[in-house]
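Contents: one structure, followed by commentary.
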Amino acid sequence: MCGIVGYIGPKEAVPILLSGLKRLEYRGYDSAGIAVISCGKIHSRKIPGKINDLIGVIAKEPLPKAGLGIAHTRWATHGAPNKVNAHPHSSCDRKISVVHNGIIENYLKLKESLISEGHRFVSQTDTEVLAHLIEKFYKGDLKDAVIEAIKKVEGSFALGVVSADEPDKIVCARQDSPLIVAEGRAGRFIASDVPAILEHCRRVVYLKDREVAVLDNNGIRVFDLNKREVRFKFDRVLMGAQSAQKGGFPHFMLKEIHEQPAVLKRLLSSGAREIRRFSYPRKIKNIVIVACGTAYHAGLVGKYIIESLARIPVAVDLSSEFRYRDPIVDKGTLVLAISQSGETADTLAAVREAKKKGACVVSICNVVGSSLTRESDHVFYTLAGPEIGVASTKAYTAQLAVLYMFGLELARSLKTISQNSFKASWKVLNSIPALQAEILKAHRSVEKVGRKHHKFGSFLFLGRNINFPSALEGALKLKEISYIPAEGYAAGEMKHGPIALIDEYRAVVCIAVSSRIYDKMISNIQEIKARSGKLIAIASAGDKAIRTHVSETIFIPKIDEFFSPLLVALPLQMLAYTIAVSRKCPVDQPRNLAKSVTVE
Ligand code: AGP
């Protein structure tokens, strides 16, 4: 996810663009850049790093006064977060400048064809293709050139375009990435999100997919891809600037919980291509997964996935343990390192240890250009966008999705799965975003349960089989944001000790979705009920029996147990969130924690 902003009007563009960019920094902060038009020329500044670094550069090398410009803060998807890959990107003649949020899926094919036509590229980004494509189609009308260019593009985009030959207008367009245009006394704006313009105006137009808008000093006009002018209406933005950065949600964590269907949809299209392209080693003796915290729980689910599909032994290690136990790793080992930040010191150390022993390292990571991605032999990005909340949510289910896709492709390359079951599995995966959205729509049922149980002094989370790690993850979510002692356990382990803990003061969350071991889970539930434990069940829609055992049940759509961790995670995240909010905890920044643990 990136942030774009543009301005045209009577005021000085640079300060307006920079302050607008600051309010979009939550969308990405790998690199930043700005371009303004003055005296018929485009002047730009770009840096790897945060917007404050860009402000510092401009203070040292001021840009000329200008009433028009575009700016960008980047969350890298293609190409490391360095200066050459920072936006804006230019055409060969440097007369066209583009900022973009999204993913151009067919950029390689377009780039090859543009190079064959003589275009010279300087970056590794997909975005630069847009600048050269618009240049190719430019015949004196920037709007027409943008329309012709985006007709060739597959993927998602919100883009802002300026041209030195038409210094009095900004052209913008969108497809699957958010983009607003706005106007007020100070001028006219484009932005990825309303926070960027809130200090100037509240009249916004939420551009629709495949619409192109032209902003100049006379007003705003909107066109369809047939170059026909279309009607549009202004909406009035009511939310305050701070809450708008969270998309209207009270916390980044809740916003990120709700982003999961969109993240998964993006992964199942763009991410899948990466995973299909990977050349799966023929001779893998064993797989070792190294990770910490939530990523470790994703790795535990990954063991069930990969062993079941590819029939290769998988060991899952806490990174902090792996590096000291002289692990059985050699050139026949594939090491999967999972990390949202890509900067977790223990996981980096584990990867270095694995490489010393000759293993091939593939990382599953959310941050392009992070240390882990630079030290891995191959990277599968989770494309979840910046995860601001310290408690990992959308990155977790994105890690799971990559593990499912990886397991399926590995099984296909090793011929341990039939073509039919491969296709059937993909069909289920593709149904998950809508099922997740269904769960999120029913959030009130989870909130009710959370509010009712927020005073409990301790929780136990129980799961079996592929949802045993889901129980561990549910416990971690709760404890790290509400500070309530919470333990995750394999339900079958109850009678080997934990059942001594059960009494009327302990809440027990049981993951009892439909599965071949459902009856075993019911027996555990009965054991807990017999000892007055306060039961909460996560069950499958249509399960009538569960209500005879448990009074508080959160239902999720029925799905093959094998894929259920992708759904079970959501009510557990929302339960933890509701309980923490009810206890007035600082959900996005829990005490003692950091988003990325860069110390050992
Ligand atoms: C998860 O909610 C926690 N914030 C924490 O356990 C986290 O998963 C862990 O520190 C690993 O971080 P990473 O994924 O960035 O490596």
Side-chain angles (χ1 to χ4, degrees), residues 30 75 251-257 259-260 263 289-302 316-323 335-352 354 361-376 379-403 461 469-484 486-488 569-570 572-577 579-580 585-600:
D30 291 334
W75 183 78
H251 296 102
F252 278 112
M253 180 179 173
L254 189 59
K255 176 171 177 272
E256 288 150 12
I257 287 173
E259 285 178 344
Q260 290 177 99
V263 168
I289 298 176
V290 292
C292 301
T294 287
Y296 170 72
H297 298 150
L300 289 172
V301 177
V316 189
D317 249 318
L318 287 166
S319 304
S320 53
E321 290 300 312
F322 173 84
R323 50 187 299 215
V335 169
L336 284 179
I338 307 175
S339 173
Q340 187 285 130
S341 63
E343 300 300 345
T344 297
D346 286 325
T347 302
L348 290 172
V351 160
R352 288 163 195 155
V361 174
V362 173
S363 57
I364 297 174
C365 188
N366 196 38
V367 180
V368 173
S370 57
S371 307
L372 175 64
T373 62
R374 288 199 300 269
E375 299 188 29
S376 302
V379 185
F380 294 133
Y381 285 111
T382 46
L383 304 180
E387 191 175 65
I388 314 293
V390 164
S392 188
T393 49
K394 61 177 181 175
Y396 172 66
T397 47
Q399 289 159 2
L400 295 184
V402 170
L403 286 161
F461 288 74
S470 302
L472 298 177
E473 175 57 12
L476 174 61
K477 276 301 81 73
L478 181 68
K479 75 178 88 168
E480 69 173 327
I481 61 174
S482 72
Y483 317 143
I484 299 172
E487 277 187 272
L570 275 69
L572 294 177
Q573 293 164 357
M574 290 193 284
L575 187 66
Y577 174 80
I579 290 173
C585 295
V587 167
D588 283 335
Q589 290 160 351
R591 69 185 180 197
N592 312 337
L593 287 175
K595 184 58 188 167
S596 173
V597 183
T598 55
V599 291
E600 295 174 17

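Side chains included, hydrogens not; waters and symmetry mates left out as well; all remaining heavy atoms used. As the structure lists them, so they are numbered: ligands from 1, and atoms in each ligand from 1.
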Original post:
Hey, which residues fall under 4.0 Å of ligand 1 on heavy atoms?
Top reply: Cys292, Gly293, Thr294, Ala295, Ser339, Gln340, Ser341, Thr344, Val390, Ala391, Ser392, Leu476, Lys477, Glu480, Val597
**OP:** Say whether Thr397 and Gln260, considering side chains only, have a donor N or O and an acceptor N or O under 3.5 Å apart.
**Re:** yes
**OP:** Would you check if there is a donor-acceptor pair between the side chains of Ser392 and Thr294 at a distance under 3.5 Å?
**Re:** no
Original post:
Does the distance from a Lys or Arg side-chain N to an Asp or Glu carboxylate O, for Glu387 and Lys394, drop under 4.0 Å?
Top reply: no
Original post:
Can you tell me if CD on Gln589 sees more than 12 non-hydrogen neighbours from other groups inside 6.0 Å?
Top reply: no
Original post:
Under a 4.5 Å cut-off applied to non-hydrogen side-chain atoms, are Val390 and Pro590 in contact?
Top reply: yes
**OP:** Decide whether Glu343 and Ser371 meet the rule of one side-chain donor and one side-chain acceptor closer than 3.5 Å.
**Re:** yes
